[in-house]
Every structure is written in C-alpha cells, then in structure tokens.
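Step one of this worksheet: look at the structure below.
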Amino acid sequence: MANESMKTGADLLIDALQKNGLKNIYGVVGIPVTDFARLAQLRGMKYFGFRREDAAVDAAAAAGYLTQKPGVALTVSAPGFLNGLTALAQATKNCFPLIMISGSSERHIIDLDQGDYEGLDQYNVAKPFCKAAYRVDRAQDMGLAVARAVRTALSGRPGGVYLDLPADVIGQQIEVVNGEDAGIYEVVDPAPKQAPSDEAIERAVKVIKGAQKPLIILGKGAAYAQSEELVQKLVADTDIPFLPMSMAKGLISDEDKHSAAAARSLSLSGADVVILIGARLNWMLSHGAAPTFNPNAKFVQLEIEATEFDSNQKIDAPLQGDLNSILAKLVPALEKTDYHAPSVWLDAIKAKVDENVAKFAKRVEAGETNAKFGYYGALEPIKEYFLQHPDAYLVSEGANTLDIGRNMVDMKLPRHRLDTGTWGVMGVGLGYAIATAVETGKPVVALEGDSAFGFDGMEMETICRYHLPITVVVINNGGIYNGTDREVADQPGPTMLDAQARYEYIAKAFGGDSYFVSSYQEMKVIFAKAVESKRPNIINVQIDPSMGKESGHIGNLNPKLDLKK
Ligand code: ADP
Ligand code: MG
C-alpha cells in the first residue's frame with residue numbers, strides 16, 4: 001500500500017529550493033513568512049536575518065553575482081516587500097540573478113479590495129522592477145514556480161525575479177504519495193550555452209584585424225560569466241590593451257602591463273576599434289559618444305542580450321552568446337591571424353600610463369604628509385593591504401570614497417570588488433559585504449563614505465550577530481560630498497552630516513570592535529590589524545570636512561542652479 005503524507009506549500013518551497021542547490025536565504029521575517037524561515041532552518045538551509053529588507057535583498061543579489069546561482073531573499077508583505085523592491089530593481093539593472101520571495105495577502109481579499117493587514121497587490125507592483133514576476137496560487141505548483149524563477153533569473157541576461165507567496169498557499173497541504181516528486185525537480189541546464197555563428201566570428205575578426213588602435217573594455221558581465229581565463233588569453237595573445245569597468249577589476253590583474261586604466265581618456269578617445277566584453281555603452285561610458293570616444297570608432301560587442309546591440313552606437317560586429325562560448329570561438333580565430341596591437345599605439349598608451357602613474361603617486365605621497373587628512377592618506381593603507389592580500393574582498397560606495405578608492409586600490413583577482421553598480425546607488429555596501437563574507441568565507445572590507453554608511457548602518461548588528469569577518473571603514477568627511485557647505489547661517493546645509501560622529505561605537509554596541517583614526521599614521525597601523533582580527537569592526541576615519549568634491553567624478557550629472565538670486 002502506498003504511504004501517503006501531507007506536505008505544506010512551505011515544505012514544497014524548501015524542497016524545490018534545495019533541489020536546485022539553493023542553500024542560503026537572506027531576509028527579514030514577520031507575517032506571514034516567520035514559520036517558513038524557521039522550517040527552512042530546521043531543514044538545513046542557512047537563514048540570515050537582516051534589519052531592513054533592502055539590505056537583505058542586496059545581499060541575495062551579491063550572492064547571485066558571486067556564485068552564478070540565484071540568491072534567495074525573503075520579505076514580509078507590503079512594506080517589507082516595498083523595502084526590498086529597490087534592491088530587486090537594482091539587481092535586475094546590474095544583471096545579477098536573484099529570487100525575491102515575499103509573503104502576501106490572500107488573493108480574494110486583495111482582488112475585492114477588502115482591506116487587509118499589509119495588503120497590496122504585490123505581484124502586479126513588482127512587474128516593472130524585475131525580469132519577471134510569478135505568483136504561486138496552489139501549493140502543488142511550487143516545484144514549477146521555483147523552476148520558472150530559477151530559469152528566468154539565470155538564463156540569457158541574468159536578473160531579478162519576484163515570487164509572490166500568498167499566505168494561504170504557505171500553509172496549504174497537499175497529499176504526497178511516498179516516493180512521488182510532488183512536482184519538485186532540478187532545472188536542467190538553467191543557463192544554456194549560446195555560441196555565435198562562424199559568420200559573426202569572421203566579421204568580428206575582420207574588424208579587429210583592421211584595428212590600428214584597438215581597446216578592450218571589460219564589464220561586470222565578464223566577471224559574472226567567470227570568463228577570466230579566456231579574457232586573459234585574448235589579451236596575452238593579441239597585446240590589445242584593456243580598460244576594466246569598476247567591478248571587472250581583477251579579471252585581469254590591475255598590475256598587468258596591458259592595463260590602460262591609468263590612460264583612460266587617451267585610450268577611449270584614441271581607440272579605432274572598441275571591443276566590449278560584458279559591458280554596456282550606458283552613462284558610465286558616456287553612451288559611447290564623442291568626445292569621450294573617437295567618433296569614427298568601430299564597435300565589436302560580446303553580449304548575451306541581443307537588444308543591447310545598437311542601444312547607443314552602431315555595433316559593427318555583434319557577437320551574441322554567453323561570453324565563454326563566444327571567447328572560445330573568437331580567441332582561436334584571432335590566434336590564427338596572428339594579430340597584434342600595433343606598437344605605436346601601445347607605446348602611446350604606455351607613455352601616458354607612466355606619466356599619470358607618476359602624478360598619482362605624488363598625490364598619494366602628499367596625502368601621507370598633508371596637514372589636512374584626506375582621501376589619499378586614508379586610502380593608501382588600504383591600497384597597500386590589497387597589494388599584499390589580493391584574496392581579501394572589497395565592497396565600496398560613497399561618492400568621493402568610491403571614485404578615489406576605485407583608482408587607488410588595485411585588484412588582482414576577479415570578482416573581488418563589488419560596488420554601487422549600474423545605477424551608481426548608495427546603500428548597498430553592508431548587504432553586499434555580508435553576502436560576500438557568507439558566500440566566500442574570506443575577510444571583507446566595506447569601504448564606505450559617511451553618507452553611504454547611513455543607509456544601512458544598522459546591518460552592523462547583523463554582521464556582529466553572525467560574527468562575520470567584515471571591516472567597515474567609514475571615511476567621514478561630515479557630509480554628502482563634503483561637510484562644509486552651509487547655505488543658511490543657523491541651519492545645517494543640505495549636504496551636511498555630523499563631522500564629529502563616532503560611527504565606530506555602533507560596532508561596540510553589538511560586540512564588535514571599534515577604531516577611530518584621524519591621521520595617515522594611525523590608519524597605517526590600525527587597518528591591517530582590524531582586517532586580520534577577522535572580527536566584525538568599524539574603523540571611523542575622520543578626515544577633514546573640506547575634503548571631497550560635489551558629486552565626486554560625476555558632477556556633470558548634477559544640474560547647477562544660480563543660488564545667489
Ligand atoms: P559594467 O557596468 O561593468 O560596464 P554592465 O552591467 O553595464 O557592466 O554590462 C554587463 C553586460 O554583460 C550586460 O549587458 C549583460 O547582459 C552582459 N552579460 C551578463 N552575463 C553575461 C554572459 N554570461 N555572457 C555574455 N554577456 C553577459
Ligand atoms: Mg562624506
């Protein structure tokens with residue numbers, strides 16, 4: 001006789017997540033998902049409880065980026081869901097695979113607008129902010145719902161998926177005959193490989209072969225795709241210089257002689273053939289337009305999403321597919337031609353690199369002795385530490401902190417730097433840092449501006465509760481951009497924050513370590529010690545409040561008004 005047992009929707013959801021190799025959940029519990037989280041823990045999943053949903057969903061997104069499996073986030077209904085929605089949208093913009101699961105009200109109450117505790121039509125609200133939204137209305141559909149979410153998050157251009165989980169479905173019981181799979185299965189080949197045609201490869205080779213001044217731009221898509229081996233071979237074979245976008249740093253070591261990072265303007269404006277590898281010609285690359293780019297440049301783009309081609313510039317050689325499949329065809333095809341970047345171009349870049357590196361070194365040196373303690377003095381010890389310990393991870397946000405840190409801190413290993421991403425958004429730092437520590441087990445440095453830290457500073461409690469080896473560095477210049485601009489005599493200016501704030505005490509409140517530094521010499525001693533303690537800690541780095549440029553390096557995006565009128 002068949003042995004029958006009952007399973008709830010919650011049971012089936014856990015079955016389905018586990019069947020697909022998803023082991024961690026990042027979330028905030030409450031009605032109606034509390035018992036679901038308890039059950040997940042009892043059934044062997046790891047649950048990480050946060051203080052606010054956006055940080056939890058950011059964490060899941062970072063987990064997805066680092067592991068090529070969708071990160072899983074959990075929130076309560078309406079407000080919890082809405083708090084998570086920003087992070088779901090960010091993950092989708094960043095092309096990070098993520099499944100955000102939110103408990104929701106029962107359909108009949110919502111659909112007749114009867115008014116419910118935290119009642120909202122979440123499924124329809126989520127749609128514009130993610131790759132796809134699904135709602136599972138019957139417990140028996142749980143396996144299919146998760147399969148669909150996994151497939152959607154990972155296939156093609158990765159992104160965020162919303163899974164709506166009505167309260168009644170969580171507890172709904174279905175009969176499962178022993179040995180039956182109850183519709184739970186592992187998705188087969190969730191991100192199928194796609195290679196471009198021979199014709200497309202030939203076209204690209206022809207364009208590249210004609211290049212006098214070729215340039216490779218590496219984006220975070222290449223980091224996500226884990227294509228470092230083939231990208232390194234491409235550059236080594238052809239000597240084509242490369243520029244890494246911030247999260248692509250380390251795909252090829254920043255120390256590599258082919259890096260044109262220190263000659264960014266020259267290489268972008270000079271290049272006659274630009275090879276985009278997992279990078280979009282969006283605002284961060286001035287939409288591929290002159291004067292940043294040479295108006296006659298030809299573009300070769302390696303990209304999984306065909307509609308990305310021609311989004312800003314004519315793409316002369318589109319190569320659609322997943323990067324490793326494209327590169328597996330392109331690299332040998334180029335090798336056959338024995339193409340090498342012309343030495344005149346390489347020499348011009350090298351001369352500019354040498355010039356700029358020398359200038360930069362002077363600036364850093366001055367930062368060590370400057371009477372006013374600023375960004376360069378504060379960040380030099382971090383730069384040095386990462387040179388010696390390239391396997392540590394760096395998460396960074398803040399305007400000036402982000403911009404100056406990006407130029408200063410070299411990365412030698414792929415996916416070791418996470419930052420504000422495609423939207424340039426603040427408030428992702430601690431969530432990203434938590435997931436990075438959880439997923440990699442390595443020490444993580446969260447390098448934060450004082451304003452950026454404010455968005456999710458309470459996650460320090462989360463960091464301490466899970467005893468994560470995270471050093472939060474708060475570069476405190478007392479404000480958004482800086483802390484000195486007062487417009488009206490007796491009121492703090494709009495950009496002003498507390499320049500005397502003792503952010504480090506937040507760590508102490510939760511059992512972590514607190515450090516305060518206000519000079520280069522102190523930072524030099526404290527930073528390495530703090531990271532190596534492998535304990536949760538905050539270093540409050542009090543720099544001069546006059547340090548910091550309005551909007552960092554993107555001041556041109558901030559409309560200027562005549563404030564004297
Ligand atoms: P960055 O901000 O570093 O320039 P973007 O996020 O703008 O990078 O671009 C990343 C691009 O990589 C996106 O257009 C995305 O579709 C693409 N991408 C992501 N994963 C893959 C993959 N496996 N193969 C090919 N392209 C990918
Ligand atoms: Mg600041």
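Indexing begins at 1, ligand by ligand and atom by atom, following the structure's order.
Residues forming a ring pair (Phe, Tyr, Trp, His ring centres under 6.0 Å) with Phe373 (at least two apart in sequence, or on another chain): none.
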Take Arg417 and Asp419 through the salt bridge (charged side-chain N to carboxylate O under 4.0 Å, His left out) test and state the conclusion after the steps. CA-CA 7 Å; Arg417 180 193 162 91; Asp419 65 29; 3.1 Å; yes
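Using cut-offs of 30° and 60° on the angle between ring planes, the pair Tyr65 and Phe96 is tilted.
Proximity of Val445 to Phe386: side-chain heavy atoms (C-beta onward) are separated by under 4.5 Å at one or more points. At least one side-chain heavy atom of Cys95 sits less than 4.5 Å from a side-chain heavy atom of Arg280.
Atom CZ of Arg148 has 12 or fewer heavy atoms from other residues, nucleotides or ligands within 6.0 Å. Annotation for Lys508: atom NZ does not count as buried by contact number, only 12 or fewer foreign heavy atoms lying within 6.0 Å.
For the Mg ion (ligand 2), the count of nearby protein N, O or S atoms, meaning those under 2.8 Å away, is 3.
Contact shell of ligand 1 (protein heavy atoms, cutoff 4.0 Å): Cys95, Arg157, Pro158, Gly219, Lys220, Gly221, Tyr224, Ala225, Met245, Gly278, Ala279, Arg280, Asn282, Met284, Glu303, Ile304, Gly321, Asp322, Leu323, Thr422.
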Pair up each side-chain donor or acceptor in residues 472-480 with any protein partner under 3.5 Å, not counting sequence neighbours, and list the distances.
{"from": "Asn476", "atom 1": "OD1", "to": "Gly478", "atom 2": "N", "distance (Å)": "2.8"}
{"from": "Asn476", "atom 1": "ND2", "to": "Ala499", "atom 2": "O", "distance (Å)": "3.2"}
{"from": "Asn477", "atom 1": "OD1", "to": "Gly479", "atom 2": "N", "distance (Å)": "3.4"}
{"from": "Asn477", "atom 1": "ND2", "to": "Tyr375", "atom 2": "OH", "distance (Å)": "3.0"}
{"from": "Asn477", "atom 1": "ND2", "to": "Tyr481", "atom 2": "O", "distance (Å)": "2.8"}
{"from": "Asn477", "atom 1": "ND2", "to": "Met547", "atom 2": "O", "distance (Å)": "2.8"}

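Ion pairing between Glu459 and Arg52 fails under the 4.0 Å rule for side-chain N and carboxylate O.
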